[in-house]
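Any value given below was found using the heavy atoms of this structure, including those in side chains, with hydrogens, waters and symmetry copies removed.
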Amino acid sequence: TKSSLQDSYPDSVFVQFLKESGVTLTAGSTANEIGKIMNEKVCIVYNKEFMFEGVSEDGLNVPRLIINQLKWLDRIVDGKDLSSKLMQMVSVAPVEIQRDIITSLPEILEDSQHGDMAKELNGLLQQNTQLPVPILDALSSLNLSSALLSEVREVVMGTLSAVQLEDLPVVVKFILHFISASDANEVVCDLRKKLELEQCVLPAVLQASQSRMKSKAMSGVPSCNNGQDSVALVLEVIKSAIRFQKTISEAWLKAIENVDESDDHKVVDLLVLFILHSTNANHSRRGAERVLKVKVRKGLIQENLLQKTFKGHAQVMRGYFPSILALAQGLLRSPDCFVVPFGGHMYKQAFTAFDSYCQQEVVGSLVTHACSGVSGEVDVALELLCELVSQKPAEMSQFTVFVKGILDYMDNLTSQQIRRLFHLLSCLAFGQEQHGGHIQDDMHIVIRKQLSSTVPKYKRIGIIGAVMMVGSMGACRNKPDGSQGGTLPKETHRQVMALLELVRSCSESSPEAAALYYDELANLLQTCKLDPLVQAWIGKSVLEDFQEDFIVDLGPDLSGPFVFPASVMHNLDEDESQGGIAINLLPLMTQDQRVSPLCLSSFFRLLRLCEEVQHQGDLEEIDALLGCPLILTDMEVVEKVESLSKAEREFLCSLLFYTINWFRETVNAFCKQNDPEMKMKVVTRIQNITYLQSLLQTCLAATPGYTPPQANFDGESAEGMIPSSSSALPKKGKKGKSAGEISKLICAIDRVSPSLFDHPEKENEKEKEKDAKSGVSLSSYWPFFRELDVEALSVLQCGLLSRTLLDTELHSKLREEVQLSPAELLFLLEDMWRKLDFSLASAPAKKAPFLKTDKAVGFAHLQQKNAKEIATCCIELLPTLCTHLENCHNHFQTLLSEHQGVVDAPGVDLKEQQLMCSAYQLLLQVLHTTFSWAGFSGLEHRALLKSALGVLAGRLKEDETDLTLDQLSRWEHAFEYLQNFQSTVPSLNTALCLTQLLIVLSQYGGSNHRTYREQITSLAKRFLCQEWVTVSGEKERGNKYHDALQTLLSIYLEHTDDVLKAVEEIAGEGVPELLNAAKDANSPSWPTLNRQTFLVYYKSMMAELERAVRKIPPSKQTDNQESEKLLTWNLAVRDFHILINLVKMFNSRPVLTVCLKYGRLFLESFLKLGMPLLDYSFKKHKEDVQSLLKTIQLSTRQLHHMCGHSKIRQDTGLTNHVPALKKNLEQFVYRVKAMLTLNHCQEAFWLGNLKNRDLKGEEILSQKSQAVDEEEEESSQLQSEEEV
């Protein structure tokens, strides 16, 4: 029988074990009864036998075996009771038994009990932080509803901060494993906030002590890397989730992207970005690159976070090294100059934190960047290599061979890059440690080969490289050995002397090479402290050679075979006219001697720096050179330059270039002297420069095709930089363009040109004649002038001396105080603006390697300073600049008050007005470039910005300046201070500069956006409603005036609160005032609006109207702002209709082009954003929609007439816009039909033939005569509208 068969089966091991334990099972005993027995017996057994050991003598864990047997019971009668008994056991059993019971629950319980058990486990999880791993394992195996799972997940998330470090990976895995697509963003964002990996890594001391404690407790097994291992496991969990779940990768990206404060970013953000980049799951690599670039550009992810990540998690990040390297490469190659430094930081941190293999990869990647041929990329790579060599010379010495490979690509490097490269290699090969000594011979071979070359380019490389080697070999050592009184070993000293002699002998044959050698040696003295013996040898030889080559004693006889009669000029030491010295310039240019005047300025710079180094900045021994005269010729010859031969004119031009460059170097040399007499002489030399420049302009205008002597010798020959046209060839229009817009202002120094902005568009012949008289712009020739040092800008601290001031004081204080005249002020300001534009302005996107123009020519000294140093210098000069700005303001204010606002009143000095106007504009542009520096957006330069704002704020209330003001208060005072200048700006370009400066300043105003927008709108409107005249009384006009007007009008329309109202005000009120006015009359309400500037206004209004409608939010069927949006579209369409109708009165070709272009764009926006609104609004606002459609239909009909006009005129500039516009017109017709059909009003729509007409509305006759070829245009029309 069945029962007998069952009785014949032997007892299982589990049953036998229970019987031996004293447990008697009756027939039909259930699992619940067994559970009750176990609840009593197991704890007794465990307490008696396993409390301390956990296992029996034979190695068996009996409680675990008992619990495991419950998984195999045949049936459970009362599962609920069993589960409660098991949970009771959990509450009393030791931790190990608790873990075993909890992990076994999913296999013991039935599916119906999963929900209840999950709730109990959820409660237990909140009470007991020692059991998260078994509880989460059990919950992972239970079948739970989404609501319950969400509840459990919230509890787990709440316990995240209290979880043991080794349990953290399991907790994170549970959270990420059970995420639905709808919850992913919220869960990941919450997880990111609570995941504090920074706390997972202990300081080294605590880590070591914890390691010792654990090693004792765990039988000597150390676990000092426990934190790193746990972090690595957490990241592996995140990596697995990202790889297999698309929603999680997107959620992580969005969570990181939504952080908008730099302090809120964590280490986990960078680590996850590296994971996303390395896995590339669901194309996440591109997303990681994009998010990192955006965060770095905004300054949200900064270097300190990167440093913290590498410092605390180097072992973990080693696994993501390929992604780190790839991201660093991408950032370094980015066209965005704001993200490039962060790529450099990644390289440096990777080199410092990782092993030698990674270091080799980093160096190899940087060498690849350095050989790329892209200027910005090469600069950053070489700078990083130099930093690594200075910080880690021993490690870098292993990779010297890699760095040496850059020598093969020197053809593509600029002079500054070659300096860095040889500095880098010289430090490795010849530094005090000489880690890379094995390449010394290679360096000598390369240098000698380049020096012996007859090609100027390679000789230049050899000279630069040799001087850099001298700087490393001859640097002053820390431990002098006493030999020869110097700090160098005898053999090293001998090598340095031999190398200097070699360079000198190789450069003697070429004046350009010799001048470059002097300049490079001068730069070396500025940047490097040489051994005293080497320094003394250089100084002695330079002083002797300079006296012998360039200085002569003054005597009564100056006759000789000169091109022009010799004359002693520009002597500032009149009392020493007899027996004094002079610079022998004219004879050197005339006679065929071994010394070239080309070397004069370079040699003097070297002499001056030698004296500064040897005498700690004292130039007393050479101060006679500041005031000594030059042997030139009488400059009256310039007045008859037209009658000279070509050779004589070129000789005269060269003489002026040499003289100006000599004076520029003397200003560089003596600008830092504090003696009042020396200051006076420096200012006088600047005055000499401005005077000679005006003469040079005249000579250059009469000498087309002239090539000036080279002044900057570290670049390619400057012949390609000469303007291809002079006053004789003005038609090419190249004059003054190469050095930027502001460079044209130097023309203001000219004595003849009456106005800086007076260039009538339609008077080309008159303009050419003016240009020929006034001379060429020297801005095209700036590479041929010696560079002024940044220190020379300190001369600006002299006061401003205007002619008006002198007249009122009867010249009584002319020489009692050192002061600048407007011409000298303009000269210094222009040079300052050039420097700021080069150093602080945003870098160009990318310089292609095939472009040969070098923007850095003439900025060799400036490149030795970084942007922060330049910005600091500007801020130090900021009080002086403000003083000059206030002086300009007071000058024009006095002028307007004395002459009742008439700027061209009789007795006003036009030249002075012109210079003051140019200086006013340059001062504002200097401030604009300074405050536009991107570095101010970074936290590391915030104190510098606060200081700059404090200077401006202090000018407003000098007696109440509070140094404790926060940045916002300083910004408010600075903004108010600059606003005070609006009443005296003399030209529209100056007004535009002031407006742009205020816009830049407003970016630092924090949350006061609305306030500054209102003020800028009011300011721009004031300038637009002001009539601008030149100093000669004529209306401002010309392309430059129109460009400034368009920019100012765009600023006004962009910042106004209601663009549509502003456009209607101008188009509906200002333009109609012109219709019946005189030809040259202005609009009374908008004085800058006249027939000549109508196109500027029209283009700006059309562009801003189209931009405004694109910003109208798209509509939905359940939109609460339906009425507001419909009203906005009604206003926009009305403005559009007004602007379209203006073409009937102003039908010039440029106006038609603007209308066709922006008309099409407006229609596209209306079809995309406006028609969906009409679909939903038609039933509620039928009359408004009908009125809107009627208005826009009138505009589309006029656009159709313009298309016909364009075809008749056969103007390709117009017809290019016609096909796309006609396509939109057709789409509009059918889109209206679709809208009416959607609202069951299709009977209100009918199609008719719209005849082709011209702008006047007359039918095009050719269409009548050829009916077969007639082009028909379908037009929608509501029944209530009469056909026109």
Side-chain angles (χ1 to χ4, degrees), residues 741-742 745 748 756-757 800 825-826 829-830 832-833 836-837 841 874 878-893 895-896 903 913-933 948-949 951-953 955-956 971-1005 1011-1031 1036 1040-1056 1087-1088:
E741 194 69 25
I742 188 58
L745 289 175
L756 191 65
F757 307 103
L800 176 65
L825 175 65
L826 187 65
L829 286 175
E830 189 198 23
M832 184 177 186
W833 185 86
L836 297 185
D837 187 53
C874 281
L878 206 53
T880 300
L881 296 175
C882 290
T883 301
H884 287 298
L885 194 61
E886 291 162 12
N887 288 339
C888 290
H889 169 79
N890 294 335
H891 171 86
F892 284 103
Q893 194 171 42
L895 182 71
L896 293 173
V903 295
Q913 294 301 97
Q914 179 184 346
L915 293 174
M916 294 294 287
C917 177
S918 302
Y920 205 154
Q921 181 174 341
L922 270 172
L923 282 163
L924 292 172
Q925 285 190 305
V926 165
L927 293 179
H928 176 262
T929 308
T930 302
F931 283 100
S932 299
W933 180 43
L949 293 174
V951 172
L952 297 183
R955 307 294 296 192
L956 187 63
W971 169 82
E972 291 173 349
H973 291 320
F975 198 88
E976 183 182 351
Y977 167 71
L978 291 174
Q979 272 190 307
N980 292 335
F981 294 99
Q982 59 183 306
S983 60
T984 59
V985 286
S987 67
L988 184 65
N989 280 274
T990 311
L992 175 61
C993 291
L994 177 60
T995 308
Q996 291 174 329
L997 172 58
L998 289 171
I999 291 174
V1000 169
L1001 210 61
S1002 66
Q1003 297 173 2
Y1004 308 118
T1011 304
Y1012 94 78
R1013 285 182 67 90
E1014 291 175 354
Q1015 292 175 341
I1016 289 176
T1017 302
S1018 174
L1019 183 66
K1021 185 173 182 179
R1022 169 177 178 161
F1023 291 147
L1024 290 170
C1025 294
Q1026 181 175 339
E1027 186 174 0
W1028 300 98
V1029 295
T1030 64
V1031 294
E1036 284 195 33
K1040 192 156 59 172
Y1041 169 74
H1042 288 171
D1043 292 342
L1045 180 60
Q1046 183 168 344
T1047 306
L1048 192 63
L1049 183 57
S1050 298
I1051 289 173
Y1052 167 67
L1053 294 176
E1054 286 172 9
H1055 287 78
T1056 187
T1088 52

Problem set entry | Criterion side-chain hydrogen bond (donor to acceptor under 3.5 Å, both in side chains) on T883 and R955, from CA distance to verdict | CA-CA 9 Å; T883 301; R955 307 294 296 192; 3.0 Å; yes
Atom of [X], atom of [Y] and distance for their closest heavy-atom approach:
| X | Y | value |
| --- | --- | --- |
| E1036 | L988 | OE2-N, 3.4 Å |
| A974 | L949 | CB-O, 4.0 Å |
| L922 | W833 | CD2-CB, 4.1 Å |
| C993 | Q925 | SG-CG, 3.3 Å |
| L994 | L978 | CD1-O, 3.6 Å |
| V926 | T930 | O-OG1, 2.8 Å |

Do side-chain atoms of [X] reach the backbone of [Y] as a donor and acceptor pair under 3.5 angstrom?
| X | Y | value |
| --- | --- | --- |
| T1017 | H1055 | yes |
| T1047 | D1043 | yes |
| S918 | Q914 | yes |

Could you tell me if the side chain of [Y] sits less than 4.5 Å from the side chain of [X], heavy atoms only?
| X | Y | result |
| --- | --- | --- |
| L1048 | T1088 | no |
| L952 | F931 | yes |
| E830 | L826 | no |
| Q1003 | Y1012 | no |
| L927 | L1001 | no |
| Q921 | L924 | no |
| K1021 | T1056 | no |
| M832 | C874 | yes |

How many angstroms lie between [atom1] in [X] and [atom2] in [Y], if you round to the nearest 0.5 Å?
| X | Y | atom1 | atom2 | answer |
| --- | --- | --- | --- | --- |
| I999 | Q1015 | CD1 | CD | 12.5 Å |
| Q913 | H891 | CD | NE2 | 4.0 Å |
| F981 | L923 | CZ | CG | 9.0 Å |
| Q982 | H889 | CD | NE2 | 10.0 Å |
| L992 | L1045 | CG | CG | 9.5 Å |

For this session: Just say parallel, tilted or perpendicular for the rings of W971 and F975, cut-offs at 30° and 60°.
Result: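 Judged by the thresholds at 30° and 60°, the geometry between W971 and F975 is tilted.
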For this session: Please determine which of N887, T990, T984 meets the side-chain hydrogen bond (donor to acceptor under 3.5 Å, both in side chains) test together with Y920.
Result: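 That would be T984; it is the only one of N887, T990, T984 passing the side-chain hydrogen bond (donor to acceptor under 3.5 Å, both in side chains) with Y920.
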For this session: Please lay out, stage by stage, how S983 and F892 fare under the test side-chain contact (heavy atoms from CB on, under 4.5 Å).
Result: CA-CA 9 Å; S983 60; F892 284 103; over 6 Å; no
For this session: Go through the steps for T880 and H884 under the test side-chain contact (heavy atoms from CB on, under 4.5 Å), then give the verdict.
Result: CA-CA 6 Å; T880 300; H884 287 298; 3.7 Å; yes
